[in-house]
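Just so it is clear, the structure is predicted and the values come from calculations on it, not from any experiment. Throughout, a chain's letter reflects where its sequence line sits, starting with A, and its residues are numbered from 1. Just so you know, these numbers use all the heavy atoms, side chains as well, and skip hydrogens, waters and symmetry mates.
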Protein chains: 2
Amino acid sequence: MPTYKAPLRDMNFVMTEVLGAPQQLQQMPYYADNDTADGDLMQQVLVEAARFVEGELVALNRVGDQEGCVRHDDGEVTTPTGFKAAYQKYRAAGWTALDADPAYGGQGMPHLVSNALVEMLNSANVAWGMYPGLSHGAYTALHAVGSQELKDLYLPKLVSGEWTGTMCLTEPHAGTDLGIIRTKAADNGDGSYAITGTKIFISAGEHDLADNILHLVLARLEGSPQGTKGISLFLVPKYLPTADGKPGERNGVVCGSLEHKMGIHGNATAVLNFDQARGWLVGEINKGMNHMFIMMNAARLGTGLQGLGLGEVAYQNALTYAKDRLQMRHEPRVNPGENADPILVHPDVRRMLLTGKAYTEAGRALAMWLALSIDTEHHHPDDAKRQEAADLVALLTPIAKAFMTDNGFDIAVQSQQVYGGHGFIQEWGMEQFVRDARIGQIYEGTNGIQALDLLGRKVLLDGGKKLQKLAATLQEFVEEHEGDEHIGAYADQLGKAAQQLGSLTMVIGQKAMQDGGQDEVNAAAVDYLRYFGHVVYGYLWARMAKIAQDNIDAGKDRDGFYLSKVQTAKFYFAKLFPETKALAATIKAGNESLAVDDRAVFGWEHGLVNA
Amino acid sequence: MPTYKAPLRDMNFVMTEVLGAPQQLQQMPYYADNDTADGDLMQQVLVEAARFVEGELVALNRVGDQEGCVRHDDGEVTTPTGFKAAYQKYRAAGWTALDADPAYGGQGMPHLVSNALVEMLNSANVAWGMYPGLSHGAYTALHAVGSQELKDLYLPKLVSGEWTGTMCLTEPHAGTDLGIIRTKAADNGDGSYAITGTKIFISAGEHDLADNILHLVLARLEGSPQGTKGISLFLVPKYLPTADGKPGERNGVVCGSLEHKMGIHGNATAVLNFDQARGWLVGEINKGMNHMFIMMNAARLGTGLQGLGLGEVAYQNALTYAKDRLQMRHEPRVNPGENADPILVHPDVRRMLLTGKAYTEAGRALAMWLALSIDTEHHHPDDAKRQEAADLVALLTPIAKAFMTDNGFDIAVQSQQVYGGHGFIQEWGMEQFVRDARIGQIYEGTNGIQALDLLGRKVLLDGGKKLQKLAATLQEFVEEHEGDEHIGAYADQLGKAAQQLGSLTMVIGQKAMQDGGQDEVNAAAVDYLRYFGHVVYGYLWARMAKIAQDNIDAGKDRDGFYLSKVQTAKFYFAKLFPETKALAATIKAGNESLAVDDRAVFGWEHGLVNA
């Protein structure tokens with residue numbers, strides 16, 4: 001069965017040495033005043049988090065996969081053996097409150113810290129981690145736009161973990177296209193609304209971990225316009241709270257069935273039927289899409305962390321296997337006494353493992369950079385700093401979601417490959433990582449949708465302003481390290497790629513303004529996101545290599561950690577970064593080769609698109 | 001539930017228009033004398049094959065996945081509902097005998113035809129298709145090297161499908177590294193041997209489809225040398241045949257357990273315990289590895305066909321879904337009366353689908369080219385032609401295995417992606433294609449091992465002779481079509497890539513002769529195979545585009561089939577072939593970035609490899 005050790009040393013490196021997070025956070029009174037941004041305290045919290053995750057959740061991962069969730073005739077759902085007990089310990093230890101607002105019982109720790117906790121949860125047991133994960137999304141939206149009355153009533157329950165939350169967006173006919181949802185809301189005239197409709201794919205939508213479930217539901221209020229501008233957000237509790245805040249009357253929302261899925265079996269993916277369920281408006285009428293995106297952005301980074309966490313645990317186990325498995329001989333022999341050497345000696349095995357290591361460590365740096373930026377966006381006293389951080393988060397969130405989940409899936413597949421035939425066998429656990437990682441590329445907006453969000457909305461919509469700001473940061477770094485003995489070559493590769501990213505953006509931007517321009521954006525978006533991802537990871541790897549090299553030069557590399565960083569950076573630029581060469585070509589190729597004749601190529605008589 | 005229609009039109013195109021197979025086969029008396037190479041007959045056989053496969057096997061695919069195989073306490077195994085009945089119909093219709101030797105009851109059809117049948121089986125139900133597939137492998141080895149007595153006794157049973165066969169290679173500690181197997185053979189002194197040991201991962205290793213199972217087993221005869229030069233091949237029947245060829249006494253081979261796997265649940269993957277089981281030597285003592293490779297080469301092409309078949313069926317279903325699923329709006333609108341358009345209008349969806357189409361159709365052309373070459377290798381009257389064909393098959397088999405299964409897996413994943421969230425749900429069937437496709441990259445020699453076989457054994461070992469022969473064919477094609485109005489640009493891209501393949505080979509070959517040279521081969525192999533695969537597919541796409549364009553120019557494109565070829569070729573060169581740019585860079589990067597410090601990077605104290 002797979003094992004897992006939280007990568008505390010690497011988390012510490014990124015937080016303190018790469019990001020200088022304690023100093024940054026100390027500039028924010030919200031944290032400084034509460035003493036929650038102290039570097040030692042943050043470390044200690046992560047050590048405790050690792051202890052909990054390693055001790056309570058790793059062993060439940062396979063149980064969850066094998067048992068799955070069970071729906072009973074009354075619509076109630078039982079989670080796998082051990083899930084409920086672990087959740088009770090988790091919330092008793094205060095982990096649900098970690099980065100929540102002290103005004104509602106939270107501990108007020110930086111988002112940066114909870115980000116690291118979530119990575120660990122995803123490595124240990126992604127299906128389990130989704131229960132508190134969804135609650136956190138609901139907390140975030142309600143905290144941001146809910147009325148004071150709603151917040152006072154519900155936030156303490158979410159923060160304590162006594163109750164959990166969900167996001168109810170998708171309907172059978174409407175996934176990506178939420179503008180066409182059919183769930184309706186009617187004004188009850190008493191401050192509440194009657195919600196009616198069917199929602200599908202609701203993660204953590206029904207379960208036995210908590211006493212009540214708070215559904216955040218997108219619905220169209222009677223009389224609202226069609227499309228995304230007529231959608232509002234409602235809070236629909238499973239049980240209506242009593243005056244003293246206990247679960248009271250059962251509300252009209254029932255789990256109609258659970259999906260049978262490829263992976264994340266331990267999480268209940270529910271069909272929820274709302275029949276005149278009582279709900280309360282969250283935020284403003286017809287602003288539901290905007291409010292929902294508050295959840296979605298957190299959920300997207302959270303999904304990226306699933307790719308990161310699964311990549312990390314798959315890598316760790318493949319590395320262990322590669323040290324243990326003796327197969328074929330290598331010159332010079334490592335095991336001259338045995339008839340074969342550990343497969344870790346073979347360069348192709350090393351290539352697969354280093355791919356996992358390089359993507360995972362860069363992903364961790366990106367995720368923590370964004371998490372710290374979210375803290376900055378919310379709590380920095382300087383308006384300009386807050387805006388700058390918000391822009392960076394907006395720009396890089398689709399990359400964190402898509403690039404990290406694509407890489408996470410690939411790492412899981414390659415780590416499974418290290419096991420040979422044993423990787424295909426369930427008891428080794430590697431195939432579960434592959435199945436569990438696959439969903440990250442699909443939900444919370446498919447990775448294709450992330451790419452459109454990046455290129456269409458985040459880059460082109462403001463004329464490239466957010467991109468230029470980031471490009472300036474990169475350019476500064478490149479110039480500073482031009483000719484550097486150790487990382488000069490990386491700076492050079494990075495600088496050229498960043499420039500090419502700019503020129504590719506210009507080319508697409510120009511095409512986008514012509515007839516059929518939206519198709520050009522759509523045709524380039526996925527490759528563009530991947531190119532952009534490499535530029536970001538290239539920047540992070542070059543920075544990490546520089547810090548590590550400085551430590552080596554100062555004689556501070558006691559255990560080889562910094563040498564590992566330097567050598568992994570070298571691998572990244574030699575073996576992974578060159579993907580940009582192919583991507584540049586396919587981005588330039590644009591939509592022309594996709595505008596094929598529908599009848600001839602696809603046997604589609606519906607009409608000749610782009611004819 | 002997924003559907004499947006055999007791509008008969010495309011198969012016909014490749015067989016007749018691309019390969020000119022009927023004319024080629026008519027040059028071989030083996031086929032010409034039997035009238036089995038007649039183009040119309042071959043077509044008719046494939047039409048019948050498609051009828052059987054579509055009617056009997058498609059519906060059993062999900063049943064097989066859900067039920068799996070069940071092992072009983074006595075070691076007997078029950079296959080999923082319907083598998084046995086379908087197998088009885090299959091063999092009653094003579095499909096097990098299709099390309100088998102008429103001397104043993106076969107129909108003597110070309111391997112080219114059975115290749116197309118196998119592709120269909122893999123699209124419809126890969127787990128089911130493995131039962132006859134493994135039998136065919138056993139037939140091939142026994143036919144090639146078995147004694148006349150063994151052939152007379154056993155081949156008619158394999159040909160009729162009355163009995164099935166297996167390949168027993170892997171042991172718990174020995175997968176890639178068969179030289180260290182521990183299964184032993186002792187001479188019984190009566191012409192038989194006593195086989196003792198444990199084999200794992202034996203596909204179709206135990207089941208209820210047939211009355212007897214013939215295991216071909218690698219074992220070390222007492223007194224034989226260590227390593228691969230001391231391994232012999234034995235035939236071990238489950239039941240010892242009686243004098244009249246019925247299953248008689250139970251032999252000492254028992255299924256100890258079945259594996260629980262990620263996919264191909266309908267095929268029984270057995271642990272087989274051999275305890276003094278009676279076996280008979282197949283071929284020569286200590287030549288077992290060579291003999292086994294006769295099976296393995298067929299099995300490797302067969303595994304490639306799994307990638308092809310699964311890619312085809314995944315593509316077909318994703319295309320259907322993309323026409324049906326309405327989501328978002330496209331300008332100009334295809335469905336102005338509806339509130340959304342079919343997602344097939346979106347360029348990124350088209351990109352995913354065209355990826356499936358382009359890889360699948362090139363893969364089919366490669367597989368059929370190799371199948372025809374196998375026919376030529378075995379039956380051409382001209383020695384030189386036979387050798388030439390044998391060399392081509394040897395060179396391209398690892399590409400067919402690895403490139404086709406890697407692409408097949410990627411197509412399954414991308415086709416699943418087209419379904420969005422529904423792709424993750426079991427009832428849609430797409431996630432089964434992903435799980436079933438995954439094993440093709442692992443078994444019959446992992447794709448990493450295929451790459452080493454290609455670069456180390458097939459290319460470098462003979463100083464590049466086989467490669468140069470193929471390169472000359474490509475160069476001739478390139479020169480012939482230089483400046484061609486329609487495919488000149490493809491010829492140009494292909495010519496440059498083929499030249500670069502040559503120079504990359506030289507660079508690796510030079511490094512290979514230096515100290516640690518084996519590591520350089522190992523470090524480059526996987527990327528080299530992928531580069532090589534693109535050169536082969538590029539050649540095939542350019543050829544297919546040329547034939548198609550000629551037909552268009554001659555006014556013969558009644559239904560758009562040729563236009564489809566031309567446009568898919570364009571897509572291939574615009575969007576897939578450029579991967580070679582990245583691969584060239586990573587191949588050139590060599591082993592340097594992989595020769596990291598083991599202790600620092602991998603926490604491995606075992607020794608400093610490549611220090």
Side-chain angles (χ1 to χ4, degrees), chain A residues 170 175-177 180 201 259-262 319 323 327-328 334 339-340 342 344-348 350-351 420-421 423-426 431 439 442-443 446 448 519 522-523 525-526 560 563-564 567 570-571 574-575 578-579 581-582 585-586 589 591 593-594 596-597 599-602 604 606-607 609, chain B residues 170 175-177 180 201 259-262 319 323 327-328 334 339-340 342 344-348 350-351 420-421 423-426 431 439 442-443 446 448 519 522-523 525-526 560 563-564 567 570-571 574-575 578-579 581-582 585-586 589 591 593-594 596-597 599-602 604 606-607 609:
Chain A
T170 304
T176 294
D177 193 3
I180 59 175
F201 299 161
E259 304 287 356
H260 296 99
K261 311 183 298 290
M262 183 183 193
L319 176 58
K323 293 175 189 174
Q327 208 79 170
M328 308 304 284
V334 170
N339 62 5
L344 181 52
V345 296
H346 304 304
D348 187 56
R350 301 163 82 84
R351 182 187 59 79
F424 202 62
I425 307 302
Q426 290 174 5
E431 60 90 35
I439 190 60
I442 297 173
Y443 63 13
T446 67
D519 281 349
N522 200 304
V526 163
L563 179 59
S564 169
Q567 294 196 333
K570 179 175 178 174
F571 168 82
K575 296 286 190 182
E579 189 185 357
K581 292 176 189 287
T586 55
N591 187 47
S593 66
L594 303 173
V596 296
D597 183 295
R599 190 184 60 81
V601 176
F602 295 129
W604 196 35
H606 227 283
V609 178
Chain B
T170 304
T176 294
D177 193 3
I180 59 174
F201 300 161
E259 304 287 357
H260 296 98
K261 311 183 299 290
M262 183 183 192
L319 176 57
K323 293 174 187 173
Q327 207 81 170
M328 308 305 282
V334 170
N339 62 4
L344 182 51
V345 296
H346 304 305
D348 187 55
R350 301 163 81 86
R351 181 187 60 78
F424 202 64
I425 307 301
Q426 290 175 5
E431 61 90 36
I439 189 61
I442 298 172
Y443 63 13
T446 66
D519 281 349
N522 201 304
V526 163
L563 179 59
S564 169
Q567 294 196 332
K570 179 174 177 175
F571 168 83
K575 296 287 191 182
E579 189 186 357
K581 291 177 191 287
T586 55
N591 187 49
S593 67
L594 304 173
V596 295
D597 183 294
R599 190 183 61 80
V601 176
F602 295 131
W604 196 36
H606 228 283
V609 178

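- Interatomic distance, B/Asp519 CG to A/Asp348 CG, rounded to the nearest 0.5 Å: 11.5 Å.
- Contact record, B/Lys323 with A/Phe602: NZ-O, 2.7 Å, taken as the closest heavy-atom pair.
- For the pair B/Gln327/A/Ile180, a side-chain contact is recorded, criterion being any heavy-atom separation below 4.5 Å from C-beta on.
- Within 6.0 Å of atom NZ in B/Lys261, more than 12 heavy atoms from other residues, nucleotides or ligands are found, so the atom counts as buried in its surroundings.
- Ranking B/Leu319, B/Thr176, B/Val601 against chain A, the residue ahead of the rest is B/Val601, based on heavy-atom pairs under 4.5 Å.
- Taking B/Ala525 as the reference, B/Ala451, B/Leu452, B/Leu455 meet the side-chain contact (heavy atoms from CB on, under 4.5 Å) condition, with sequence neighbours excluded.
- Put simply, the side chain of B/Val596 does not reach to within 4.5 Å of the side chain of A/Phe571, judged on heavy atoms.
- The minimum heavy-atom distance between B/Leu594 and A/Pro347, with the atom names listed, is CD1-O, 3.7 Å.
- Annotation: maximal heavy-atom pairing with chain A below 4.5 Å, among B/Glu431, B/His260, B/Glu259, B/His346, occurs at B/His260.
- Comparing B/Thr586, B/Leu563, B/Ile439, B/Thr446 by heavy-atom pairs within less than 4.5 Å of chain A, the highest count is held by B/Ile439.
- Your options are B/Gly560, B/Gly175, B/Ala589, B/Ser593, and the one with the most heavy-atom pairs under 4.5 Å with chain A is B/Ser593.
- Rounded to the nearest 0.5 Å, atoms CE (B/Met328) and CG (A/Asp177) are 5.0 Å apart.
- Residue with the most contacts toward chain A among B/Ala340, B/Ala585, B/Ala574, B/Gly448: B/Ala574 (heavy-atom pairs, distance under 4.5 Å).
- Of the two parts of A/Phe201, only the side chain, counted from C-beta on, holds a non-hydrogen atom closer than 4.5 Å to a non-hydrogen atom of chain B.
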